[in-house]
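This report concerns only the one structure given below.
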Amino acid sequence: MGRHGPLVVLLIAIGFSAPAMAQMGDPSQGPTRIANEDLDPARTPAVLTMESTMHRPLSEQYIWTKADGVPADVISAADWLPGVDSDLQPHYFRRTFDVNSLPSQATLYIAGPRSATVYLNGQRVGKYELNLDSRMGIRVYACDVTGVLRAGKNTLAIEAVRGPNIGNAANTRLSIQQTRGEVLVLKILPAAPGIAAAPLLVSDTQWKASLQASNDWQSTAFDDSGWPSADSLGGIESSIEFFQWNVDAGMYVWPGYDGISPFLGQFHLAPVSVTHAYRGIGELSGFESLTKDGPSRAELTVELPAATVSEQDAPQILLDFGREVVGRVEIESDSDHPSDVTIQYGESEMEALRDPYLGVDPVHVAPHALAYGPKSAFRFAIIRFIGGRKTAYKSIELDGIAYPVIYQGYFL
């Protein structure tokens with residue numbers, strides 16, 4: 001099964017009677033019996049909630065410079081040639097915006113480039129460079145801009161180098177430009193890290209974008225009226241093209257981001273079992289409550305001897321969902337303080353432990369909020385608790401993704 005999205009299977013009715021349960025083999029625990037309705041949620045459409053009814057696509061847009069953008073009609077543009085991997089010159093972006101009243105906290109999020117330096121009101125507030133060994137084409141960077149944001153007029157300036165070219169067989173403008181790393185998305189939220197809120201600023205066509213800049217380009221006094229407007233590919237959740245090839249997998253930490261097409265449905269599924277539970281140098285209790293048949297009144301609690309611990313010393317659990325699933329791990333906090341975990345997936349237990357396909361992915365869990373791991377296909381998930389002195393979790397389960405179908409029949 002592929003890892004790039006739900007697999008739609010066409011089944012032929014050939015007259016076999018359906019058993020009440022289907023048997024699945026678990027290499028470590030022996031055979032596990034799973035009810036048919038749990039094997040495939042599309043078998044019982046009532047358990048699905050359509051994405052179109054529960055999520056409004058985010059307003060922020062993927063933008064880039066017009067001068068080196070991909071043509072709208074790639075096939076007909078015979079004179080257009082894709083750039084090479086060494087095409088790594090800086091790109092410059094600017095936007096002046098107003099803030100009516102200062103929030104108590106403000107967080108800036110940016111994703112797309114392989115490296116970026118961010119200036120707010122002439123002051124450098126962040127700089128990052130991606131690890132290009134990651135299998136994810138996009139990673140999200142966040143920084144606190146509370147002390148730099150002003151009431152009234154503000155100027156944001158970014159120097160960025162295009163993201164990694166992950167390569168694929170895409171032949172549309174949106175897919176090609178995204179997978180070549182020629183996208184930038186940004187927003188400022190009046191909230192602490194990990195909390196979704198109405199944005200103060202988003203990336204859109206009101207930005208200016210240039211391939212050249214003078215020495216004072218990042219200052220508030222710089223006149224950017226001569227710069228071209230940014231080229232927009234549209235909202236980051238506006239097209240199925242943006243959800244292909246695992247390119248958007250790294251957007252899992254973008255506040256409010258689902259990255260799920262509106263014609264798909266979502267469902268929740270608790271793990272069949274929790275195995276390999278280790279305390280590390282901390283304390284870990286109540287993990288039995290995470291399973292489908294676990295005690296409903298208990299909850300998972302974790303205590304660490306310090307604000308942060310290393311991955312090798314962190315308490316950890318391995319969740320087994322009993323069979324291949326498509327979706328993302330959803331974590332619900334029951335703590336008054338934030339925490340940090342890492343998530344790694346595997347279609348087998350060994351893959352999850354030794355060679356997770358999407359790597360080891362950090363997740364910041366805000367107080368009393370939901371947090372998500374990346375979308376993928378997997379059976380096993382390992383959660384390590386690396387930050388937060390004393391934390392509690394109401395649930396850690398699958399936020400599954402399925403295509404709603406009506407079964408005409410099936411065979412074993």
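Quick caveat: nothing in here was measured; it's all calculated off a predicted structure.
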Closest non-hydrogen atom pair, [X] against [Y]:
| X | Y | value |
| --- | --- | --- |
| Pro193 | Ala366 | O-CB, 4.0 Å |
| Thr291 | Ala270 | C-CB, 4.0 Å |
| Leu58 | Pro255 | CD1-O, 3.9 Å |
| Thr391 | Ser339 | CG2-CB, 3.5 Å |
| Ile317 | Ala277 | CG2-CB, 4.0 Å |
| Tyr92 | Pro90 | OH-CB, 3.6 Å |

Using only atom types and a distance under 3.5 Å, with no angle test, would you say the side chain of [X] pairs donor to acceptor with the backbone of [Y]?
| X | Y | result |
| --- | --- | --- |
| Gln344 | Ala352 | yes |
| Thr179 | Ser175 | yes |
| Thr146 | Ala106 | yes |
| Asn121 | Thr155 | yes |
| Asp224 | Lys208 | no |
| Ser395 | Glu397 | no |
| Ser333 | Ser335 | yes |
| His91 | Gln89 | yes |

Quick check, are the ring centers of [X] and [Y] under 6.0 angstrom apart?
| X | Y | answer |
| --- | --- | --- |
| Trp217 | Phe222 | no |
| Tyr345 | Phe380 | no |
| Tyr128 | Tyr141 | yes |
| Phe385 | Tyr393 | yes |

Is there a side-chain contact between Trp207 and Leu201 in this structure, where contact means two heavy atoms from C-beta onward sitting under 4.5 Å apart?
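Yes. Closest side-chain heavy atoms under 4.5 Å.
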When you compare the side chains of [X] and [Y], does any donor N or O come within less than 3.5 Å of an acceptor on the partner?
| X | Y | answer |
| --- | --- | --- |
| Arg124 | Gln218 | no |
| Glu330 | Tyr372 | yes |
| Glu237 | His55 | yes |
| Thr117 | Glu159 | no |
| Gln266 | Asp399 | yes |

Salt bridge (Lys or Arg N to Asp or Glu O under 4.0 Å) partner of Asp248, chosen from Arg139, Lys375, Arg328
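Exactly one option meets the salt bridge (Lys or Arg N to Asp or Glu O under 4.0 Å) with Asp248, and it is Lys375.
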As a test of understanding, state which of Thr342, Val302, Val363 forms a side-chain contact (heavy atoms from CB on, under 4.5 Å) with Ile386.
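Considering Thr342, Val302, Val363, a side-chain contact (heavy atoms from CB on, under 4.5 Å) with Ile386 is found only for Thr342.
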Show the numbers, then the answer: is there a side chain to side chain donor-acceptor pair (under 3.5 Å) between Ser285 and Thr301?
CA-CA 5 Å; Ser285 63; Thr301 61; 2.6 Å; yes
Taking CD in Gln212 as the centre, count heavy atoms belonging to other residues, nucleotides or ligands within less than 6.0 Å. Is the count above 12?
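Count not over threshold, so no.
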Rounded to the nearest 0.5 Å, what separates atom CD1 in Ile188 from atom OG1 in Thr107?
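Spacing of CD1 (Ile188) from OG1 (Thr107) equals 9.5 Å.
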With rounding to the nearest 0.5 Å, note down the distance linking CD1 in Ile63 to CZ in Phe93.
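Reported to 0.5 Å precision, the distance equals 5.5 Å.
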Verify salt bridge (charged side-chain N to carboxylate O under 4.0 Å, His left out) between Glu299 and Lys394, making sure each step is shown before the conclusion.
CA-CA 6 Å; Glu299 64 179 8; Lys394 288 184 179 180; over 6 Å; no
Salt bridge or not between Arg173 and Asp231? Use side-chain N to carboxylate O under 4.0 Å.
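So Arg173 pairs with Asp231 through a salt bridge.
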Is Arg379 paired with Glu324 through a side-chain N to carboxylate O contact shorter than 4.0 Å?
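Not counted as a salt bridge, because no side-chain N and carboxylate O are separated by less than 4.0 Å.
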